Protein chains: 2
Amino acid sequence: MKKYSVNTTPLYLTVRNLLLEAIRTEEIGDDGRLPSEGMLCKQFGVSRATIRSALQALENEGVITKRHGSTTVVNTGGLQVKMRIDEFKGFFQLIQESGHRPSIAHKELIRIPHSPQIANLLGLEKDEEFYQLERLFLGDGKPVILASEFIPKSKLIKELTFEEIPESIFELADLYCTNTIAQTITEIRSTIATRDLKERMGLANNETMLKLEEIHYGRQGEPLIFSDILVRDKIIHFHAVRKRY
Amino acid sequence: MKKYSVNTTPLYLTVRNLLLEAIRTEEIGDDGRLPSEGMLCKQFGVSRATIRSALQALENEGVITKRHGSTTVVNTGGLQVKMRIDEFKGFFQLIQESGHRPSIAHKELIRIPHSPQIANLLGLEKDEEFYQLERLFLGDGKPVILASEFIPKSKLIKELTFEEIPESIFELADLYCTNTIAQTITEIRSTIATRDLKERMGLANNETMLKLEEIHYGRQGEPLIFSDILVRDKIIHFHAVRKRY
DNA sequence: AAGTGGTCTAGACCACGTT
DNA sequence: ACGTGGTCTAGACCACTTG
């Protein structure tokens, strides 16, 4: 007899979501303090390990702060954090979360016969061939992100189809690459645009930008794709949450 | 009879450290794949939950990548990541990790009668009084970080003693504030120095900098201190690790 | 089909803060 | 002294990937 999966989302995530909602509406933690883990076990009817997984998730997001012998507290600041640099999934989502309507102004696919620097970053042969996918993203019609993705030809399982390139690099890898992206390491830099770029992005004089140099790794830990992303940080504000342990 | 605490570090952290060392020396995972959790349980003589905690820690650091039905793999890129923006503890450590000898060139403690903007960021009254601690840090004798910490007088439990100000903002709060710092939320911006600043920091023309605007929160989730940090990203390279879930 | 990691439970003891 | 979160175990079942 065929079996049906009724509940695909794990219990602890369900609890996390309920808890977050309860915190937002101040049903729980209205005085900034959460009930003890034992109490929450009873309230949600789950084991302590499950409650702790849910709390763990919320703590990682900066929503709550735990402390050994004391009660767990709500972090009002953490509730409002958006656009965490260690979490963003795609450019559209990013632009949307910063309160603007996303669109693409320009999209270009360029063949790069060889690039020793990028090959070196990805640990490939010097004469490796790349595709460069360059895209200009707008927020409310104004240029906000210029992204260049460098995809080694050797990591492709089929030819890139210009019309069918997903917005997100994760989905691009899912569709076209030898492996999906499991992890990205980003170097965060600042930069000032060249005159050419200034015109293209409609920048003010002396307007600086963030430059994210990202190496995307596959499920086996191997480098897959290199991205070079220019962001107008006047409009897109990146955040990071740092916990003290 | 008096009891003695022999083992203050948790078992799972001991296991994490041993595992990391074994990965580094390629005793374990020489082919990029870790033994199964069951195997590791036997090898280390601990329960699966403990092994999983250790693996969890390594995954958060970007050292390994787990995947549901498959074996856990080593991420070579993650092994080398330093200066994670969501982890740094103090400026000296930061400068050291980037390969330079840290020192302080300038240190100043300024009384700020009121600052509506900063008061607003910290959710305080507009007429709140602050201390501004400004410090210029050098790496190998060259200016690399200019940090301004804004400490509200109302959050102090005793007067700041100029001579006894620790290098790290965490320790400063431990010593002088109503609460220790539990969490920091950083906004990551880029900026270009004013002419004045350029001279002070010996910057090249058109050299841009990273600007970190940090709000430090106490154990009860309340805003404590605001920091404004300028970093020469030509010298200090910040990183972020992003996992796909 | 077999092996792997993901989730969940129940119960125990410990270390830390607060009162 | 008490209540809280931190750690740890043993065992069970499920969901996913791989051969």
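What you are looking at is a predicted structure, and each value in this text was computed from that prediction instead of being measured. We name chains A, B, ... by the order of the sequence lines, and we start the count at 1 in each one.
With hydrogens and angles left out, the side-chain atoms of H237(B) and S98(B) include no donor and acceptor closer than 3.5 Å. Checked by atom type, the side-chain pair Y176(A)/E171(A) shows no donor-acceptor distance below 3.5 Å. Residues T186(B) and H239(A) bring no donor and acceptor atom of their side chains to less than 3.5 Å of each other. In the model, E214(B) has no side-chain atom that pairs as donor or acceptor with a side-chain atom of T184(B) under 3.5 Å.
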Nucleotide N/O to protein N/O under 3.5 Å, stretch nucleotides 4-6 of chain C:
unit_1 : atom_1 : unit_2 : atom_2 : d
dG5(C) : OP2    : E37(B) : N      : 2.8
dG5(C) : O4'    : H68(B) : O      : 2.6
dG5(C) : N2     : H68(B) : NE2    : 2.8
dG5(C) : N3     : H68(B) : NE2    : 3.3
dG6(C) : OP2    : R52(B) : NH1    : 2.6
dG6(C) : OP2    : R52(B) : NH2    : 3.2
dG6(C) : O4'    : H68(B) : NE2    : 3.4
dG6(C) : N7     : R48(B) : NH2    : 2.6
dG6(C) : O6     : R48(B) : NH1    : 3.0

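If you take NZ of K42(A) and C1' of dT9(C), they are 17 Å apart, rounded to a whole angstrom. Between L11(A) atom CG and dA15(D) atom C1' there is a gap of 16 Å when expressed in whole angstrom units. R219(B) places its CZ atom 15 Å from the C1' atom of dT18(C), with the value rounded to the nearest Å.
For T50(B), a side-chain nitrogen or oxygen approaches OP1 or OP2 of dT9(D) to under 4.0 Å.
Within the cation-pi definition used here (under 6.0 Å to the ring centroid, within 45° of the axis), K153(B) does not qualify as a partner of F130(B).
Nearest-nucleotide positions on DNA chain D for Q220(A) and G45(B) put G45(B) closer to the 5' end.
Proximity of the aromatic rings of F88(B) and F238(B) is defined here by a centroid distance below 6.0 angstrom, and this criterion is met.
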